[in-house]
Amino acid sequence: MIHVTTTINGDETEFVCDPRETLLDVLRDRLSLTGAKEGCGTGDCGACSVTVDGTVVCSCLVLGAEAEGKEIGTVEGIATGEDLHPIQQKFLDHAALQCGICTPGILVATKALLEKHPDPTETQVRYWLAGNLCRCTGYDKIIRAVMDAAKDMRSAA
Amino acid sequence: MSQKHKIEVALWGGLKPFADGNDKVEVEAATTGQMLAAVIKKHPALEDHIEAGVSVAVNGRVIASSLTEPIPEGAEVVIIPQLKGG
Amino acid sequence: MQYQAPDSFDAAVTLLNAEQGMARVLAGGTDVLVQLRAGTVEPDLIVDIKRIPGVHDITAEDGGWRIGAAVSGVELNAHADLCADWPGVAEAHDLIGSTQVQGRATLTGNLCTASPAADSVPAMVAAGATARVQGSNGTRDVAVEAVGTGPFKVSLAQGEVITSIFLPARGANGGDAYLRFIPRTEMDIAVVGAAVSLTLDGDKVASARVSLGAVAPTVLLVEGAANAIIGTSLDDAAMDKLAATASAACNPISDKRGTVEFRTKIAGVLAKRAAKIAYDRAKG
Amino acid sequence: MAFDEAKKDFNLIGTRPARPDGIDKVTGRAQFGADKAAPGQLHAAILRSPHAHARIKSIDTSAAEKAKGVKGIVTRADFATGLKGEMWNKLENVMAGEKALYDGHAIAAVAATSALAAKDALKLIKVDFEVLDHVTNVDESMKDGAPVIREGAAGPSTPEGMHPNVVGFYSSGHGDVDAGFADADLVIEDTFTTEATHQGYIEPHACLAQMGKDGKGEVWCCTQGHFNVAKVCGHLLGTEASQIRVTASEIGGGFGGKTEVFIEPVALALAKKTNRPVKLVMSRSEVFRASGPTASASMDIKIGMKKDGTMTAGRGVFRLQGGAFPGAPGTFTAMCAFAPYALENVSQEAYDVMTNRPKQAAYRAPGSPMAAFAVESVVDELCNQLGLDPIEVRLKNASREGSKASFGINWPRIGLVECLEAAKAHPHYSTAIPENGGRGVSCGFWFNHGGETAVSLALAEDGTVSLSVGTPDIGGSRASMCMMAAEELGIKYDDIRTTIADTATLGYNEISHGSRVTYASGLATIEAARDTIKKLCKRAAAKWGIDEDAVYWEDGFAKPSGPNAGEFEPMSLAKIASKMGATGGPIVGHYEATPEGAGVSFAVHIVDAEVDKETGSTSVGRYTVIQDAGKAIHPSYVEGQFQGGAAQGIGWALNEEYIYGEDGRLQNAGFLDYRIPVASDLPMIDTVIVEVPNPGHPYGVRGVGETSICPPLAAIANAVSNAAGVRMKSLPMSPPRILKALDEA
């Protein structure tokens with residue numbers, strides 16, 4: 001077993017894990033942070049998206065051991081206290097989720113997108129989120145929610 | 001419970017061989033359940049098919065499984081395969 | 001399985017040489033973790049090279065660029081000067097996987113997985129890139145096209161590890177491009193990939209390298225295809241010859257991603273389209 | 001319960017409030033199938049057959065039992081014996097008996113202290129297989145000499161003399177089709193095929209099970225029907241459904257695929273054996289290999305048309321491949337095929353065929369999309385060859401109230417004509433077709449369903465309401481339930497909390513399938529609210545000392561029904577609820593029934609597509625969905641169903657398919673090569689909600705979830721065929737297929 005010290009959503013966290021365990025396994029099974037979902041385990045669906053030092057990655061493609069000394073961000077860290085992040089609120093306003101299993105990953109990826117590109121085109125949003133599979137919505141309302149959130153965040157900035 | 005009355009029941013084509021070559025069966029019944037029982041009584045070879053599950057359309061309204069739906073006099077009654085969905 | 005994250009390539013090589021069982025080098029991990037998950041590879045040792053100083057750096061060298069073994073797609077595409085020199089290589093790398101995969105995937109890893117369909121490899125081959133290899137006998141530079149020897153097989157010896165990739169000086173009037181065919185717009189493995197790098201003398205192609213992916217057991221460098229356009233300004237006859245020679249060089253398989261006929265034909269189509277883009281880029 | 005003609009002015013129905021489960025779902029708090037843990041839980045893994053067809057000669061688990069962390073192993077011997085019919089089939093699918101019938105068929109399962117330990121132990125189980133010949137293609141499976149999946153599986157309707165793999169048959173029709181064809185100016189006959197696809201829900205099947213010595217079981221799982229899970233587990237474990245309490249987790253997509261039971265009985269068997277909670281989660285590759293994809297189909301269609309567009313006759317023969325068990329939805333394929341058209345002469349027949357593939361499961365309107373693909377392709381070709389407008393032709397022949405349906409009934413009030421008129425009037429239809437592009441139009445039809453339903457509605461002292469329903473929320477239905485209850489009770493949307501009750505808490509509820517939830521649970525919610533209102537009025541009447549018939553309910557208040565009843569200050573729900581303990585006890589309304597008024601739904605889709613003729617690549621341009629919803633309770637979620645169905649249909653049409661190798665193994669058991677549409681593949685999907693009220697629902701609701709996947713296969717195929725200039729007859733229209741068709745044209 002490997003001992004790892006890391007920071008998750010701003011909190012210093014320690015865990016031990018088997019070297020074969022992924023960061024996703026660790027988050028879900030050892031730290032009870034079940035917001036990141038396993039849809040495929042092979043980096044094809046994006047439901048397990050988290051940020052590592054600010055870069056969005058699939059936590060199923062990161063070993064738990066690699067988290068040593070890193071800053072990890074998960075869906076659980078997007079809201080501030082009881083205040084939803086604008087993208088979370090827009091997802092509710094636009095009915096941009098049906099079953100909700102892809103939502104955590106999409107929110108994590110969207111947050112990273114808007115931090116990097118505050119004024120994305122629809123095409124940019126669609127390509128940025130191409131690794132986040134949604135099977136319910138046909139993406140329409142998701143894209144609208146992201147564009148609307150971007151607009152609001154720009155005018156608030 | 002209303003009185004039994006004459007009902008002409010239409011079968012789907014695949015059932016014809018089990019109804020002595022008929023695609024219509026005339027029975028006396030007042031409800032879907034009575035009607036199905038009477039159809040089986042008249043053509044026992046239909047029992048397996050009906051027990052395997054059928055729905056009944058009464059004047060175009062599909063009764064998926066209920067045996068207690070009343071069948072009005074003069075109603076168009078059609079036995080169709082049992083419906084469900086995904 | 002053991003996990004080690006050494007702080008130097010010397011230490012990495014020592015670890016790899018000491019391992020009696022199976023060892024895997026972990027760079028971006030986007031292939032290795034998939035293999036682990038599927039159970040297709042069950043290594044006894046994982047050597048994570050990402051904590052070695054310098055592996056995330058892109059540095060100017062002899063007019064070209066040296067790219068550390070752990071530079072991710074995000075890091076590569078954030079390097080404006082490199083992207084300006086070698087847009088085809090940058091785009092090819094950017095095509096691999098999703099935004100999330102881009103946060104991890106590396107040129108070195110893509111090369112070492114040795115998939116015939118690897119997106120960045122044809123672009124690197126066309127660019128004339130080399131890989132710097134370190135082993136117990138020191139370091140050597142190898143042409144990228146000499147690394148893969150067959151599907152998922154490499155020419156590296158036991159204990160050897162690629163420490164960086166070198167993209168040569170672009171030089172004046174040059175351009176490169178990579179195109180791949182996939183059924184969707186994203187998230188697929190290339191059914192066919194084609195890369196062209198060329199330089200111009202006026203309107204005429206002065207030199208060219210054409211490379212194809214997913215049409216043979218290894219990524220191909222197709223000299224005939226390059227010869228088809230050298231000395232031309234990509235007139236129709238040259239383009240037809242380019243397509244024909246590219247298709248003729250194919251030796252693909254039929255599988256879940258495409259048929260022999262499809263791959264053979266598309267290789268020609270993409271070679272032409274990539275040549276046109278590279279040409280326009282060289283024109284500036 | 002009949003449509004309430006008087007109910008027209010709604011307060012809430014038709015508005016778009018935020019869903020009650022929304023905050024949990026955007027913050028990561030919502031608990032899905034794999035998100036729950038129990039103290040002391042074990043993790044399980046399933047050993048699956050690598051062979052498409054093999055006799056299991058022996059299973060040796062001795063080495064695995066001794067492995068580190070392993071606490072228990074089950075095989076078929078640990079399940080009930082003596083099952084018959086459907087339950088035997090379910091058990092056989094959940095855990096193989098004498099034979100492995102498909103690549104991925106479960107052979108044994110291990111529970112261990114960690115998921116890795118369980119997975120490691122699988123490698124130590126030794127299975128002696130005798131590999132048998134296999135067949136995975138529907139047409140091959142019907143031929144003489146094809147390997148027999150199982151003797152004696154055929155149902156009573158199967159004609160004699162057919163291969164034992166043909167296990168079901170359906171035929172129906174009316175008129176004289178040959179005379180109809182003779183009457184036509186143009187007859188087109190062709191064969192079409194579709195490949196098996198998967199629902200592709202992003203959440204793999206997952207469950208957490210416990211079962212003690214007393215035989216009482218508990219299951220937490222993602223399912224479309226937890227009451228059905230209890231029933232199936234009861235049978236497969238040799239106990240009763242009542243002994244197993246099942247709680248439905250949040251469900252990460254189902255689309256029909258989570259109507260089946262795969263892993264819950266296995267987890268229970270392991271829990272029973274180890275006396276520990278057992279968590280079992282499928283991997284993505286297991287989902288593809290061993291859950292329930294759709295049927296694949298091979299179909300012959302013949303349609304005759306006059307020069308003026310009148311369809312004179314239609315004939316369809318449908319062969320559906322359903323995997324290693326009976327149950328392919330050929331009957332529905334045949335019934336849906338010509339449903340949009342009022343044909344004087346029509347005949348259809350269907351064969352259900354077994355192969356060495358996983359048992360097919362429902363996928364949104366099971367059987368209908370492929371039928372629409374075949375029939376609507378021929379209709380499109382007839383329009384092209386006769387130079388007729390595809391919507392005008394469809395309008396001319398459209399089924400409408402009173403016309404005779406292809407499967408024998410006379411249509412009640414239906415909305416196909418309204419959908420076609422809306423399509424014709426839509427700006428999309430009048431814009432120019434893009435250069436190098438093609439436009440496709442298609443109709444689609446699905447029956448919809450009612451089903452057993454029980455609902456309970458309890459008041460709290462603070463005037464809020466707890467609504468318990470038994471149908472897992474697969475698309476935002478809790479929002480709709482809250483809206484319908486609030487509408488009836490005249491209270492705020494936010495004052496209703498809707499919970500999916502577990503199986504020990506509420507009467508039996510059929511699965512969330514057949515697009516039935518907003519219809520049936522909605523109807524039951526309205527009735528339970530009305531039952532509650534009666535009780536509220538009674539309390540007010542008692543307080544006022546007047547007859548309860550003299551009290552009526554309006555906008556959340558009990559009011560005396562006129563001057564004769566007396567002058568009393570209206571009493572709010574909250575006021576009555578605050579005193580209910582002392583005025584007769586808790587107030588709970590409820591309703592239990594099998595509503596039989598599910599209204600059918602029709603849709604029309606219009607799509608523009610472009611084809612790159614050098615590569616065979618298709619891009620979908622503009623897309624418009626027009627569908628009859630009866631009455632949209634929450635329009636956003638109705639639109640969501642329309643858009644989601646269209647997107648899944650686009651995937652089915654263009655790239656999704658089960659690919660089997662010569663060895664009978666699934667080649668693409670992952671999202672990398674099973675290519676569902678990604679965000680950059682799709683355009684915005686425009687929607688038009690048509691509302692032709694369903695006479696069988698008080699607000700006129702029709703199910704909407706399934707019909708939306710019926711037209712897109714055909715609409716895309718028509719657009720692609722028109723763009724490419726060559727008729728595409730096989731799905732998916734992957735680039736190699738399109739290029740091949742272009743080369744051969």
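Here is how names work: the chains are called A, B, and so on, in the same order as the sequence lines, proteins then strands, and each is numbered from 1.
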Handout entry: Glu66(A) versus Arg51(C), closest heavy-atom pair with distance
Key = O-NH2, 3.3 Å

Completion exercise
Honestly, the part of Thr185(C) sitting under 4.5 Å from a heavy atom of chain A is both

Handout entry: Lys276(C), NZ atom: more than 12 neighbouring heavy atoms under 6.0 Å
Key = no

Fill in the blank from the handout: The reported gap from CD in Gln102(C) to CH2 in Trp128(A) (rounded to nearest 0.5 angstrom) is 10.0 Å

Exercise for the section: Would you give the length of the straight line joining atom CG of Leu113(A) to atom OG1 of Thr99(C), rounded to the nearest 0.5 angstrom? Expected result: 8.0 Å

Problem - Contact class of Leu63(A) relative to chain C, heavy atoms under 4.5 angstrom - result: both

Fill in the blank from the handout: Per-residue tally against chain C (heavy atom, under 4.5 Å) across Cys58(A), Ala112(A), Gly43(A) peaks at Cys58(A)

Problem - Side chain proximity check, Tyr3(C) to Arg20(A), heavy atoms < 4.5 angstrom - result: no

Practice task
Using a cut-off of under 4.5 Å on heavy-atom pairs, state which of Gln100(C), Arg184(C), Glu186(C), Arg104(C) scores highest against chain A.
Solution key: Gln100(C)

Exercise for the section: Using atom types as modelled and distance alone, determine if a side-chain donor or acceptor of Thr55(A) lies under 3.5 Å from a backbone N or O of Gly103(C). Expected result: no

Practice task
Indicate yes or no: at least one non-hydrogen side-chain atom of Asp48(C) is less than 4.5 angstrom from one of Glu68(A).
Solution key: no

Completion exercise
Whatever's closer than 4.5 Å to a heavy atom in chain A on Met187(C) counts as side chain

Exercise for the section: Return the option, out of Thr22(A), Thr51(A), Val57(A), with the maximum number of heavy-atom pairs under 4.5 Å with chain C. Expected result: Val57(A)

Practice task
State the OG-CG distance between Ser98(C) and Asp44(A), to the nearest 0.5 angstrom.
Solution key: 8.0 Å

Completion exercise
Value for CG (Asp25(A)) from CZ (Arg37(C)), rounded to nearest 0.5 Å, stands at 7.5 Å

Handout entry: CG-OG1 distance between Leu36(C) and Thr42(A), expressed to the nearest 0.5 angstrom
Key = 13.0 Å

Problem - Contacting region of Val50(A) [heavy-atom separation from chain C under 4.5 Å] - result: neither

Handout entry: Interatomic distance, Leu33(C) atom CG to Leu23(A) atom CG [nearest 0.5 angstrom]
Key = 10.5 Å

